[in-house]
Colleague: 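My questions all concern the structure below.
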Amino acid sequence: MERNIVEELEELKTGYNALKAQMKQQERLNERFFKAARHRPVQAVNKKIRNRMILDVLTLPIIWIICIATHWPLLFGVLVSLWTMTDLGATIWINRKLGMDHLLDGDTRTVTHAITSYRRFYRRALTISIIPCIAMITYIFIELLDRVETSANRNLIIVIGIAYTLAAIIITGVQYRRHNKACDDLLNEFEE
């Protein structure tokens with residue numbers, strides 16, 4: 001009878017260890033699954049950051065080429081370059097500060113804080129950039145209208161300028177909504 005109890009205990013211990021190993025394996029699979037499910041919204045947020053930096057870097061030479069080729073005042077190129085470098089520096093700083101490249105490596109609290117902080121940064125950066133954008137668009141219109149002599153060309157410039165300004169506002173609004181949706185999707189994943 002004593003052997004039966006010892007054998008049963010050994011069988012129970014073996015079964016328990018097997019169950020424990022299966023649970024650990026399932027836990028690892030669940031963790032990989034949830035990490036993969038969260039990876040897509042993280043990629044969308046990181047893609048937005050990367051695209052913002054690429055556009056800032058591309059703007060610098062393009063604005064100087066435009067200024068030199070069209071004989072625009074170099075002050076305009078300097079101001080746009082300063083604005084672009086400020087945006088690039090702020091984007092790099094917030095990306096490093098919040099650790100957006102390694103977002104999923106942290107715990108839930110760290111990730112939600114980083115996402116919320118980045119969303120706040122994006123909204124503030126968009127709001128702050130409105131003033132230089134308005135000044136730049138106004139300057140471009142004034143400069144173009146001064147260069148044109150006929151009334152028909154002036155009207156064409158005004159119509160095209162208004163159309164492009166409206167298109168830029170619509171594109172910015174759509175991008176802002178997509179960005180917020182990606183951040184919200186990611187926050188919802190971590191809050192569940």
Side-chain angles (χ1 to χ4, degrees), residues 39-98 100-101 103 112 114-189:
H39 192 67
R40 199 174 91 201
V42 168
Q43 283 180 325
V45 171
N46 284 338
K47 183 179 178 185
K48 182 67 180 166
I49 294 170
R50 187 178 60 249
N51 288 346
R52 185 181 188 120
M53 287 191 266
I54 289 170
L55 284 174
D56 284 340
V57 169
L58 291 176
T59 299
L60 289 170
I62 290 172
I63 195 64
W64 285 104
I65 291 169
I66 290 171
C67 283
I68 292 169
T70 61
H71 304 291
W72 281 75
L74 293 181
L75 178 62
F76 180 74
V78 168
L79 293 175
V80 172
S81 296
L82 285 174
W83 176 40
T84 302
M85 288 188 301
T86 301
D87 186 65
L88 178 63
T91 305
I92 290 171
W93 175 76
I94 198 73
N95 189 37
R96 287 186 180 162
K97 179 183 179 228
L98 298 176
M100 297 300 280
D101 293 333
L103 191 61
T112 54
I115 294 166
T116 305
S117 296
Y118 179 69
R119 185 169 51 181
R120 190 175 329 121
F121 163 77
Y122 186 81
R123 184 179 58 245
R124 287 178 182 168
L126 193 60
T127 304
I128 291 170
S129 68
I130 287 173
I131 294 169
C133 278
I134 291 171
M136 183 175 63
I137 291 169
T138 304
Y139 180 81
I140 291 171
F141 278 132
I142 291 170
E143 186 71 26
L144 286 174
L145 291 174
D146 282 345
R147 291 180 179 207
V148 175
E149 295 181 18
T150 63
S151 178
N153 288 343
R154 285 177 180 255
N155 292 338
L156 182 63
I157 288 173
I158 291 171
V159 169
I160 290 172
I162 291 171
Y164 275 104
T165 302
L166 289 175
I169 290 169
I170 291 168
I171 290 169
T172 302
V174 168
Q175 287 177 341
Y176 181 73
R177 284 189 184 136
R178 283 184 188 162
H179 172 75
N180 270 346
K181 184 178 180 334
C183 288
D184 288 343
D185 289 347
L186 196 53
L187 284 171
N188 290 338
E189 287 289 329

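Sequence positions, counted from 1, serve as the residue numbers for this chain. These numbers come from the heavy atoms of this one structure, side chains and all, not from hydrogens, waters or symmetry mates.
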Colleague: For the CG atom of Asp87 and the CG atom of Leu82, what is their distance to the nearest 0.5 Å?
Modeller: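 If I round to the nearest 0.5 Å, the distance is 12.5 Å.
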Colleague: What's the separation between atom OH in Tyr164 and atom CD1 in Ile169, rounded to the nearest 0.5 Å?
Modeller: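 Here the rounded value is 15.0 Å.
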Colleague: Within the structure provided, determine whether Val78 and Trp64 are in side-chain contact (heavy-atom separation under 4.5 Å).
Modeller: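 Yes, their side chains come closer than 4.5 Å.
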Colleague: If you compare all heavy atoms of Leu145 against all heavy atoms of Arg154, which two are closest, and at what distance to 0.1 Å?
Modeller: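 For Leu145 and Arg154, the tightest heavy-atom pair comes out as O-NH2, 3.1 Å.
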Colleague: Rounded to the nearest 0.5 Å, how far apart are CG of Leu144 and CD1 of Ile158?
Modeller: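 Those atoms lie 10.5 Å apart.
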Colleague: One pair to check against side chain to side chain contact (heavy atoms under 4.5 Å, CB included): Ile49 and Tyr118. What are the steps and the verdict?
Modeller: CA-CA 10 Å; Ile49 294 170; Tyr118 179 69; 3.2 Å; yes
Colleague: Indicate the atoms forming the closest heavy-atom contact of Leu126 with Tyr176, along with that distance.
Modeller: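 Heavy atoms only, the tightest pair is CD2-CD1, 3.6 Å.
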Colleague: Distance from Thr91 atom OG1 to Arg52 atom CZ, nearest 0.5 Å?
Modeller: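 Between Thr91 OG1 and Arg52 CZ, I get 4.0 Å after rounding to 0.5 Å.
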Colleague: Let me see the working for Ile63 and Ser81 under side chain to side chain contact (heavy atoms under 4.5 Å, CB included), right down to the final yes or no.
Modeller: CA-CA 8 Å; Ile63 195 64; Ser81 296; 3.7 Å; yes
Colleague: Without placing hydrogens or testing angles, list every side-chain donor-acceptor pair under 3.5 Å for residues 130-143, not counting sequence neighbours.
Modeller:
| residue | atom | partner | partner atom | Å |
| --- | --- | --- | --- | --- |
| Thr138 | OG1 | Ile134 | O | 2.7 |
| Glu143 | OE2 | Arg147 | NE | 3.2 |
| Glu143 | OE2 | Arg147 | NH2 | 3.4 |

Colleague: What are the two closest non-hydrogen atoms of Pro73 and Cys67, and how far apart are they?
Modeller: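 Shortest heavy-atom contact: O-SG, 4.1 Å.
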Colleague: Would you compute the distance between atom CD1 of Ile128 and atom OG1 of Thr86 and round it to the nearest 0.5 angstrom?
Modeller: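 These two atoms lie 10.5 Å from each other.
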Colleague: Testing Thr59, Ile54, Asp56 one by one against Leu88 for a side chain to side chain contact (heavy atoms under 4.5 Å, CB included), which residue passes?
Modeller: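 Result: among Thr59, Ile54, Asp56, Asp56 is the only option passing the side chain to side chain contact (heavy atoms under 4.5 Å, CB included) with Leu88.
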